[in-house]
Structure formats: structure tokens, C-alpha cells
A.B. asks: 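Here's a structure for you.
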2 protein chains.
Amino acid sequence: MTYSIGEVSNLLDISISTLRYYDKEGLLPLVNRTEGNIRRFNDTDIECLNMIECLKTTGMPLKDIKVFFEWCEIGDDTIDQRYELFLAQKQKTEEKIKELETALKRINYKVEYYRIAKEKGTTSSPDFEEALAMRYLQKKDTQSTEDQTTPAASKSQAV
Amino acid sequence: MTYSIGEVSNLLDISISTLRYYDKEGLLPLVNRTEGNIRRFNDTDIECLNMIECLKTTGMPLKDIKVFFEWCEIGDDTIDQRYELFLAQKQKTEEKIKELETALKRINYKVEYYRIAKEKGTTSSPDFEEALAMRYLQKKDTQSTEDQTTPAASKSQAV
DNA sequence: TATTGACCTAAAGTTAAGTTTATGGGTTAT
DNA sequence: ATAACCCATAAACTTAACTTTAGGTCAATA
């Protein structure tokens with residue numbers, strides 16, 4: 001099965017110009033062309049594009065993705081490099097997830113903070129302060145696993 | 001307690017030029033200055049910078065972060081907007097984490113793939129194919145929670 | 001006193017990852 | 001057969017988030 005650039009664009013939700021850009025940058029080694037110079041993408045190309053999306057999601061820059069594909073083309077001599085690449089990317093991704101989870105806790109605290117502020121109509125009344133403190137203490141007692149606050153954030157009204 | 005720009009830079013691991021850039025872009029409402037026009041950061045400024053880092057981590061562009069701080073300055077009339085902002089950011093962050101976890105599975109599969117390739121010295125022998133299949137089936141049987149493969153990825157040797 | 005080091009501004013430069021524009025070829029529907 | 005599409009390239013443009021550069025102040029130190 002082969003696909004035109006427009007079909008691939010719809011299939012993978014990547015713009016046509018981005019696909020051409022990736023091809024030009026050498027991220028898609030050897031995309032076939034018709035006699036009329038029109039690209040025909042095959043299943044391997046689709047696989048490559050899926051892998052590009054995967055690596056891009058985890059924050060790998062296109063130039064590094066390109067190097068990976070070059071290693072693939074070279075063959076078995078580059079197995080070690082490719083192993084190290086994925087091992088490093090695994091670590092980076094795990095770290096990224098942890099960072100996001102830490103940030104999410106702060107954000108969840110803010111959602112709670114502003115939910116109470118909405119109820120009270122202000123962020124600067126004793127009533128608000130108390131409701132916030134109540135909510136915060138209550139959660140501590142009940143050992144809720146989600147929506148934990150970051151104590152540092154609760155020190156300041158400023159943000 | 002107040003801090004010079006250099007101290008803040010060391011404290012939060014943000015470059016001096018980035019701090020000046022944030023200030024210029026209006027992300028740090030009202031940083032105090034000495035008579036000699038030197039910035040003195042206080043604890044509220046540090047709090048703001050921590051919040052900037054948090055929001056930046058979750059992918060919020062600086063212009064949106066700026067809007068948030070402007071809302072903070074306006075006061076209680078913007079509580080609803082701020083609530084919605086954090087609610088939206090909570091959702092985006094949860095989605096981002098899921099995306100990363102999906103990508104991580106693919107990457108974990110590749111780590112396994114290349115670990116076996118290293119052992120066998122190739123990615124294209126029947127021996128390698130078999131070892132990979134063994135490993136994959138074995139994991140299915142034992143219900144391992146980590147390092148699951150994405151079946152799509154196992155279809156192609158290409159990448 | 002001269003120089004070093006930390007700070008300041010404004011403006012230009014950089015990088016990544018595309019997107020847009022200008023120009024043109026080939027096929028299909030009215 | 002002419003308009004409407006889909007495809008092609010090259011080159012210029014865009015955006016975000018910084019970073020670098022050039023030029024200047026000021027305080028402490030050798």
C-alpha cells in the first residue's frame with residue numbers, strides 16, 4: 001500500500017508542508033517518487049513518521065531524530081548507539097513525567113484555591129483564608145492521594 | 001529578605017539574561033530597584049518565578065503567563081478567569097502526561113529490542129527475531145506492568 | 001589609581017520547527 | 001478547454017524564547 005502526501009497528511013494529522021519539510025531535512029530516508037516526481041509513501045515511511053512523532057513528543061530535537069535514522073541505514077554497526085539513544089530517551093521521558101506530575105500538584109492546589117475564592121468572591125478575606133486552611137487540613141487528615149498542595153505555594157497570597 | 005539578580009539566578013537556576021528578559025516582558029510585575037536602579041528581588045518575586053517555571057513546564061506560553069499575572073494585579077474581579085485558566089492547564093497537563101506515558105511504552109519496547117540486538121549482534125537474523133518474540137510473549141504471560149511493547153512497532157524492522 | 005566584577009539598557013542575533021509565497025506542471029470535472 | 005485540484009520546488013517569512021553584543025554606571029580591591 002502506498003499513499004500520496006495528502007493522504008498521509010490526513011492519516012497522521014501532519015500538515016503537507018511539515019511532511020515536505022521532514023523529507024527535505026532528511027528525516028525520511030528515501031521516500032519513493034513516481035516517474036512524475038510525486039512522492040509515494042509506503043508503510044515503512046508511515047512507521048518512520050510514527051516514530052518521529054513518538055520521539056518528538058518526548059522532546060527529542062529533529063536533528064537527533066535524523067541521526068537515529070542515519071544509524072538505522074548504516075545497519076548493525078550502530079546497534080550500540082541506538083540502544084544508548086533509547087536508554088537515554090527513556091530516562092529523559094521518565095524525568096519529564098515526574099516534572100509534569102510535580103507541576104500538576106501545584107496546579108491542582110491552585111484549582112482548589114480559586115474554587116474557594118470563587119465561592120467566597122475574594123482571595124483576601126479571613127473567611128477565604130479559613131476555608132482554604134480547612135480544605136487543606138481536611139485533606140491532610142483524610143490522606144487524599146490527589147490534589148495535594150505544595151506548602152510553599154500556600155505561604156503567599158501574591159500568585 | 002531580598003536578592004540581587006545574580007543571587008536569584010543561582011538560587012533558581014535561571015540565567016541572568018532570562019530574568020531580565022522576563023522583567024522586560026512584564027512577567028514580574030513591579031520588581032523593586034535601589035536608588036542606583038539595581039533590581040532587588042523579594043520573596044514574592046521568587047514565588048512568581050516559581051509559578052512561571054511551573055506553568056512553563058506544563059507548556060504554557062509566556063504571553064499567557066503574563067496575562068495571568070495581569071489578572072492577579074487586577075484583583076478579585078478576575079477570580080473566575082484565573083480559576084478557568086488553572087482548570088484548563090490541569091487538563092492539558094494530564095493529557096501531556098498520558099502522551100508521554102504512551103511514548104514511553106514505545107521507547108521501552110525499543111530499549112528491549114536493541115538490548116536483544118546487542119546480544120545477538122544484529123537486528124536481522126532468525127535468532128534475533130526469535131529472541132525478540134520470546135521476550136515479548138514471555139512478558140505477556142507474566143503480566144509484567146512495565147516495558148509493554150506497542151504491537152504496531154513490532155511489525156517493522158525498519159526503525 | 002586602575003582594574004575587576006556585578007549591575008544596567010537597547011538592540012541585534014540565534015535556534016528550532018515549521019509556514020507562506022511565488023511559480024509552475026499534470027490530471028480531472030463541467 | 002478552461003477551471004479546479006493535487007502535486008512540485010526554492011526561498012523568504014514567522015514565532016517563541018532566549019542570548020549576545022555594545023556601551024555605560026558604580027563599588028570595592030590590588
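Lettering of chains follows the sequences in order, A, B, ..., and the numbering in each one begins at 1.
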A.B. asks: Just to verify, what does A:Asp23 make a salt bridge (charged side-chain N to carboxylate O under 4.0 Å, His left out) with, not counting sequence neighbours?
C.D. replies: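 A:Asp23: salt bridge (charged side-chain N to carboxylate O under 4.0 Å, His left out) contacts with A:Arg33, A:Arg39.
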A.B. asks: State which residues pass side-chain hydrogen bond (donor to acceptor under 3.5 Å, both in side chains) with A:Glu119; sequence neighbours excluded, sorted by chain then number.
C.D. replies: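 With neighbours one apart ignored, the set is A:Arg115.
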A.B. asks: How does protein reach along nucleotides 5-20 of chain D, written 5' to 3' as B (base within reach of a heavy atom under 4.0 Å), S (only sugar-phosphate), or - (no contact)?
C.D. replies: --SBB-------BBBB
A.B. asks: Using the side-chain hydrogen bond (donor to acceptor under 3.5 Å, both in side chains) criterion, which residues pair with B:Ser125? Sequence neighbours excluded.
C.D. replies: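 Applying side-chain hydrogen bond (donor to acceptor under 3.5 Å, both in side chains) to B:Ser125 gives none.
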A.B. asks: Suppose we screen for side-chain hydrogen bond (donor to acceptor under 3.5 Å, both in side chains). Which residues come up paired with A:Asn50, at least two apart in sequence or across chains?
C.D. replies: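 Applying side-chain hydrogen bond (donor to acceptor under 3.5 Å, both in side chains) to A:Asn50 gives none.
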A.B. asks: Name all pairs fulfilling the side-chain hydrogen bond (donor to acceptor under 3.5 Å, both in side chains) condition that reach into residues 3-21 of chain A, sequence neighbours left out, sorted by first residue then second.
C.D. replies: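 The answer is A:Tyr3-A:Asp43, A:Ser15-A:Ser17, A:Ser15-A:Thr18.
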A.B. asks: With sequence neighbours left out, what residues match B:Asp80 under side-chain hydrogen bond (donor to acceptor under 3.5 Å, both in side chains)?
C.D. replies: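 side-chain hydrogen bond (donor to acceptor under 3.5 Å, both in side chains) list for B:Asp80, sorted by chain: empty.
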A.B. asks: Reading DNA chain C in the 5' to 3' direction, which nucleotide is the first one with an atom under 4.0 Å from a heavy atom of chain B, and which is the last?
C.D. replies: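 Here the contact window of chain B covers C:dC7 to C:dT9.
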A.B. asks: Please tabulate, for side-chain N and O atoms in residues 62-77 of chain A, each donor-acceptor pair with protein atoms closer than 3.5 Å (sequence neighbours left out).
C.D. replies:
| from | atom 1 | to | atom 2 | distance (Å) |
| --- | --- | --- | --- | --- |
| A:Lys66 | NZ | A:Glu25 | O | 3.3 |
| A:Asp76 | OD1 | B:Thr122 | OG1 | 3.4 |
| A:Asp76 | OD1 | B:Thr123 | N | 3.1 |
| A:Asp76 | OD2 | B:Thr122 | OG1 | 2.5 |

